[in-house]
A.B. asks: 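Take this structure, written in structure tokens, and hold onto it; I'll ask about it next.
First listed ligand is number 1; within each ligand, the first listed atom is number 1. Here, residue 1 is the first one in the sequence, and each next residue gets the next number. Atom set for the values below is all heavy atoms of this structure, side chains included, hydrogens, waters and symmetry mates excluded. If you're wondering where the values come from, they're calculated on a predicted model, not measured in any experiment.
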Amino acid sequence: MATDNFQAHDYYLMDELLSDEHKLIRDTARAWVKKEVTPIVEEACQTTTFPKQWIKGLAEIGAFGPYIPAEYGGPGLDQISYGLIMQELERGDSGLRSTASVQSSLVMYPIYAYGSEEQKKKYLPKLAAGDLMGCFGLTEPDHGSNPNGMLTNFKDKGDHYLLNGAKMWISNSPFADIAIVWAKDESGEIRGLIVERGDPGFTTPETHGKWSLRASATGELVFDNVKVPKENLLPNVKGLKGPLGCLNSARFGIAWGVIGAAMDCYDSALRYSKERIQFGKPIGAFQLTQKKLAEMITEITKAQLLTWRLGVLKNENRATPAQISMAKRNNVNMALQIAREARQIHGGMGITGEYPIMRHMMNLESVITYEGTHDIHLLITGMDVTGFNAFS
Ligand code: TGC
Ligand code: FAD
């Protein structure tokens with residue numbers, strides 16, 4: 001069982017920018033990760049298992065829909081609190097953060113933002129409590145970066161909709177109770193549907209053989225003439241802006257989350273560099289190691305400042321999708337580079353499960369692809385600053 005010696009690093013005294021409530025929320029999440037996640041996460045990844053016992057703990061620390069108001073069972077926190085929780089979870093493992101991101105931003109958020117009052121009352125309290133788990137189906141086998149081309153569709157059959165198609169790469173699909181599914185109606189308009197496990201014709205085969213996010217279950221969603229009750233259509237959004245609106249929230253959480261993974265890698269590398277002796281002195285005394293560590297803490301600090309400011313803007317409802325893309329892209333890349341450098345500092349030990357580095361590094365290879373790839377976010381920034389659309 002791994003010991004967790006993690007110590008957070010706050011080079012620019014960022015804590016002074018946080019309220020007492022923020023710090024309490026963050027420290028609660030941090031303590032829970034130390035107690036419940038670190039001791040078993042390595043084995044969970046080695047055996048490709050999502051530990052279901054984490055679900056109740058996540059609900060208790062407010063990680064499911066942190067910003068969903070209390071009237072719908074959520075904790076009613078602000079956006080910075082959401083970010084801090086994601087940071088602490090991803091310090092534990094990106095797969096753990098994925099589970100919370102999906103439940104919060106991709107399942108609870110669309111029901112909250114686009115759902116009917118009945119849908120909100122029926123689903124949100126159970127999702128906040130972890131009594132119901134959800135997943136989000138946008139990506140298809142032939143439509144990843146370009147979800148607008150999706151083929152999944154439904155037809156109006158009078159008293160129900162008939163849904164056909166398939167989604168792939170869906171986090172939590174193998175065990176989710178409900179799926180938020182994005183599909184085209186007969187006029188070609190993208191709409192959101194709530195599909196429940198057990199509906200005849202709906203299956204969720206698991207995806208095996210991943211070298212990344214091994215503690216997170218990934219699968220498909222297959223719809224073969226699935227009858228969806230009419231009351232399960234999300235009434236208040238039409239078009240691609242529906243799913244993309246959810247992604248704004250999830251990408252924001254990822255921008256914070258990956259700072260946690262980066263901090264864990266840096267912290268481990270810093271400690272190792274002081275303990276590991278080569279050529280008669282600690283490797284941290286060599287300039288080349290110091291360059292790596294100095295650059296890591298610089299990049300972490302810049303990412304912390306970026307996300308804090310983004311959190312302030314998001315609290316004021318002023319964060320633009322392009323600003324969120326910039327933070328997601330920058331911070332995931334930052335974390336991945338730090339994981340790679342930290343791996344080098346650990347030498348051969350860096351490839352073992354005795355340290356969290358390789359696990360973070362492999363996880364981040366997914367994080368840099370999902371929720372919009374590194375290059376897609378670059379093109380979003382490019383379009384924002386030039387006004388020219390390079391997608392089409
Ligand atoms: P485009 O013509 O630009 O836009 C269509 C409509 O959407 C609006 N819009 C947005 N609305 C809200 N938020 C955003 N971020 C938005 N971006 C665009 C836009 O204003 C327009 O509205 P309207 O009213 O005019 O109809 O669309 P496009 O087809 O050119 O695509 C743009 C592009 C490439 C940026 C978009 O498709 C994209 O972001 N692609 C990446 C796909 C992606 O991120 N997939 C993620 C799948 S979910 C996932 O990965 C979960 S991982 C979960 C985990 O485990 O954590
Ligand atoms: P593609 O779109 O085929 O891209 C392949 C390459 O081409 C990329 O490098 C991309 O940047 C590049 N490319 C594409 N278009 C352009 C362009 N116009 N210009 C330049 N380069 C371009 N999806 C969900 O809906 N729900 C989930 O819960 C979910 N969870 C996931 C979990 C995991 C572990 C993974 C790996 C993925 C998950 N996804 C999920 C899917 C994810 O969002 C997609 O993988 C991602 O959007 C990229 O799509 P793709 O894999 O089809 O790659």
A.B. asks: Hey, is Glu117 close enough to Lys121 for a salt bridge, meaning N to O under 4.0 Å?
C.D. replies: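 Looking at Lys121 together with Glu117, the answer is yes, because their closest N to O distance falls below 4.0 Å.
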
A.B. asks: Would you confirm whether Trp54, through its side chain, and Glu36, through its main-chain N or O, come within 3.5 Å as a donor-acceptor pair?
C.D. replies: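 Yes: the side chain of Trp54 pairs with the backbone of Glu36.
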
A.B. asks: Which residue and non-hydrogen atom of the protein lie closest to atom 46 (C) of ligand 2, and at what distance in Å?
C.D. replies: Thr369 O, 3.5 Å

A.B. asks: Starting from atom 33 (C) of ligand 2, what is the nearest protein heavy atom, named by residue and atom, and what distance separates them?
C.D. replies: Tyr370 CD2, 3.7 Å

A.B. asks: Dump the pairs for me: ligand 1 N or O, protein N or O, distance under 3.5 Å, to 0.1 Å.
C.D. replies:
unit_1	atom_1	unit_2	atom_2	d
ligand 1	13 (N)	Asn248	ND2	2.8
ligand 1	15 (N)	Asn248	OD1	2.8
ligand 1	39 (O)	Arg251	NH2	3.0
ligand 1	40 (N)	Ser145	O	2.9
ligand 1	44 (O)	Arg251	NH2	2.8
ligand 1	44 (O)	Gly372	N	2.9
ligand 1	50 (O)	Glu371	N	2.8
ligand 1	55 (O)	Ser98	OG	2.7
ligand 1	55 (O)	Ser171	OG	2.8
ligand 1	56 (O)	Arg97	NH1	3.4
ligand 1	56 (O)	Ser98	OG	3.3
ligand 1	56 (O)	Tyr370	OH	3.4

A.B. asks: Out of all atoms in ligand 2, which are within 4.0 Å of some heavy atom of Ser366? Include the element for each.
C.D. replies: 34 (C)

A.B. asks: Is the closest protein non-hydrogen atom to atom 23 (N) of ligand 2 under 4.0 Å?
C.D. replies: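 Under the 4.0 Å cut-off, atom 23 (N) of ligand 2 does have protein heavy-atom neighbours.
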
A.B. asks: Tell me, which protein residue and heavy-atom name are nearest atom 19 (N) of ligand 2, and how many Å apart are they?
C.D. replies: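 It is Leu379 CD1, 3.5 Å.
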
A.B. asks: Between Tyr370 and Ser171, do the side chains contain an N or O donor and an N or O acceptor separated by less than 3.5 Å?
C.D. replies: no

A.B. asks: At what distance is the nearest protein heavy atom to atom 16 (C) of ligand 2, and which residue and atom is it?
C.D. replies: Ile376 CD1, 4.0 Å

A.B. asks: Can you tell me if Gln46 and Glu42 form a side-chain donor-acceptor pair at under 3.5 Å?
C.D. replies: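 On atom types as modelled, these side chains qualify, holding a pair under 3.5 Å.
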
A.B. asks: For the residue pair Thr152 and Glu140, confirm or rule out a side-chain donor-acceptor distance under 3.5 Å.
C.D. replies: yes

A.B. asks: For atom 38 (C) of ligand 2, state whether the nearest protein heavy atom is under 4.0 Å away.
C.D. replies: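 For atom 38 (C) of ligand 2 the answer is yes, since some protein heavy atom falls inside 4.0 Å.
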
A.B. asks: Going by an N to O cut-off under 4.0 Å, is there a salt bridge joining Asp4 and Arg30?
C.D. replies: no

A.B. asks: Can a non-hydrogen atom of Cys135 be found less than 4.0 Å from any atom of ligand 2?
C.D. replies: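 No, Cys135 has no heavy atom closer than 4.0 Å to ligand 2.
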
A.B. asks: Taking only heavy atoms of Leu213, which atoms of ligand 2 are found under 4.0 Å from at least one of them?
C.D. replies: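 Listed by number with element: 34 (C).
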
A.B. asks: Side chains of Asn225 and Asn164: do they bring a donor and an acceptor to under 3.5 Å?
C.D. replies: yes

A.B. asks: How about atom 26 (N) of ligand 2: does it have a protein heavy atom within less than 4.0 Å?
C.D. replies: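 Yes; the ligand atom in question has protein heavy-atom contact below 4.0 Å.
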
A.B. asks: Check for a donor-acceptor pair, side chain of Thr289 on one end and backbone N or O of Ile283 on the other, with a separation under 3.5 Å.
C.D. replies: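 Side chain of Thr289 to backbone of Ile283, a donor-acceptor pair under 3.5 Å: yes, one is there.
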
A.B. asks: Between Thr139, Thr373, Val107, flag the one that comes closest to atom 11 (O) of ligand 2 by a heavy atom.
C.D. replies: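 Minimum heavy-atom distance to atom 11 (O) of ligand 2 goes to Thr373.
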
A.B. asks: Within a distance of under 4.0 Å, is there any protein heavy atom near atom 52 (O) of ligand 2?
C.D. replies: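 Given the 4.0 Å cut-off, atom 52 (O) of ligand 2 counts as touching protein heavy atoms.
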
A.B. asks: Show me the pairs that pass side-chain hydrogen bond (donor to acceptor under 3.5 Å, both in side chains) and involve residues 105-114, at least two apart or across chains.
C.D. replies: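 The answer is Tyr67-Ser105, Tyr82-Ser105, Ser105-Ser249.
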
A.B. asks: Where's the contact between Asn146 and ligand 2, heavy-atom distance under 4.0 Å: side chain, backbone, both or neither?
C.D. replies: neither

A.B. asks: For ligand 2, which atoms, with element, lie under 4.0 Å from some heavy atom of Asp375?
C.D. replies: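 Checking each atom against Asp375, I get 11 (O).
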
A.B. asks: Is atom 41 (C) of ligand 2 touching the protein, meaning some protein heavy atom lies under 4.0 Å away?
C.D. replies: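 Yes, there is a protein heavy atom closer to it than 4.0 Å.
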
A.B. asks: What about Gly372: any of its N or O atoms under 3.5 Å from an N or O on ligand 2?
C.D. replies: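 Checking ligand 2 against Gly372, no N or O pair falls under 3.5 Å apart.
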
A.B. asks: State whether the shortest distance between N or O atoms of His143 and N or O atoms of ligand 2 falls below 3.5 angstrom.
C.D. replies: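 By distance alone, the answer is no.
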
A.B. asks: Taking CD in Glu231 as the centre, count heavy atoms belonging to other residues, nucleotides or ligands within less than 6.0 Å. Is the count above 12?
C.D. replies: yes

A.B. asks: Tell me whether Arg91 contacts the main-chain N or O of Gly260 through its side chain, where contact means a donor paired with an acceptor under 3.5 Å.
C.D. replies: no

A.B. asks: Salt-bridge test for Glu196 and Lys122: reply yes if a basic N is under 4.0 Å from a carboxylate O, no otherwise.
C.D. replies: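 Counted as a salt bridge, because a side-chain N and a carboxylate O are separated by less than 4.0 Å.
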
A.B. asks: Judging by distance only, is a nitrogen or oxygen of Ser145 under 3.5 angstrom from one on ligand 2?
C.D. replies: yes

A.B. asks: Kindly confirm or rule out an N or O of Leu138 lying under 3.5 angstrom from an N or O of ligand 2.
C.D. replies: yes

A.B. asks: Which residue and atom name correspond to the protein heavy atom nearest atom 50 (P) of ligand 2, and how close is it?
C.D. replies: Gly144 CA, 4.0 Å

A.B. asks: Just jot down the ligand 2 atoms closer than 4.0 angstrom to any heavy atom of Glu371, in number order.
C.D. replies: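 Per the distance check, 43 (O).
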
A.B. asks: Using a 4.0 Å heavy-atom threshold (strictly under), name the region of Ile170 that reaches ligand 2: side chain, backbone, both or neither.
C.D. replies: both

A.B. asks: Going by heavy atoms in the side chains, are Val367 and Glu90 under 4.5 Å from each other?
C.D. replies: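 Side-chain contact under 4.5 Å: yes.
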
A.B. asks: For a quick check under 3.5 Å, do Asp78 and Ser81 share a side-chain donor-acceptor pair by atom type?
C.D. replies: yes

A.B. asks: Does atom 3 (O) of ligand 2 have a protein heavy-atom neighbour under 4.0 Å away?
C.D. replies: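 So far as the 4.0 Å threshold goes, atom 3 (O) of ligand 2 is out of reach of every protein heavy atom.
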
A.B. asks: Less than 4.0 angstrom from a charged side-chain N to a carboxylate O is my criterion; do Glu88 and Lys34 meet it?
C.D. replies: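 Judged by the 4.0 Å cut-off on N to carboxylate O distance, Glu88 and Lys34 do not form a salt bridge.
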
A.B. asks: So is Trp169 polar-close to ligand 2, meaning N/O to N/O under 3.5 Å?
C.D. replies: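 Yes; at least one N/O pair falls below 3.5 Å.
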
A.B. asks: Working note: Arg359 + Asp93, criterion salt bridge (Lys or Arg N to Asp or Glu O under 4.0 Å); need CA distance, chi angles, decisive distance, verdict.
C.D. replies: CA-CA 8 Å; Arg359 179 168 51 77; Asp93 192 78; 2.7 Å; yes

A.B. asks: Members other than Phe202 in its cluster, when Ile, Leu, Val, Met, Phe, Trp, Tyr link by side-chain heavy atoms under 4.5 Å?
C.D. replies: Phe154, Tyr161, Leu163, Ile170, Val181, Leu193, Val195, Leu221, Phe223, Val226, Val228, Leu233

A.B. asks: Answer side chain, backbone, both or neither: which part of His374 comes under 4.0 Å from ligand 2, heavy atoms only.
C.D. replies: neither

A.B. asks: Phe279 vs Phe286 aromatic rings, parallel, tilted or perpendicular, using cut-offs 30° and 60°?
C.D. replies: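 Plane angle over 60°, so perpendicular.
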
A.B. asks: Kindly state each residue pair satisfying side-chain hydrogen bond (donor to acceptor under 3.5 Å, both in side chains) with at least one member in residues 268-279, sequence neighbours excluded.
C.D. replies: Asp267-Arg271, Ser268-His346

A.B. asks: Which one holds for Ser171 and ligand 2: side chain close, backbone close, both close, or neither close, with close meaning a heavy atom under 4.0 Å?
C.D. replies: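 It is both backbone and side chain that touch ligand 2.
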
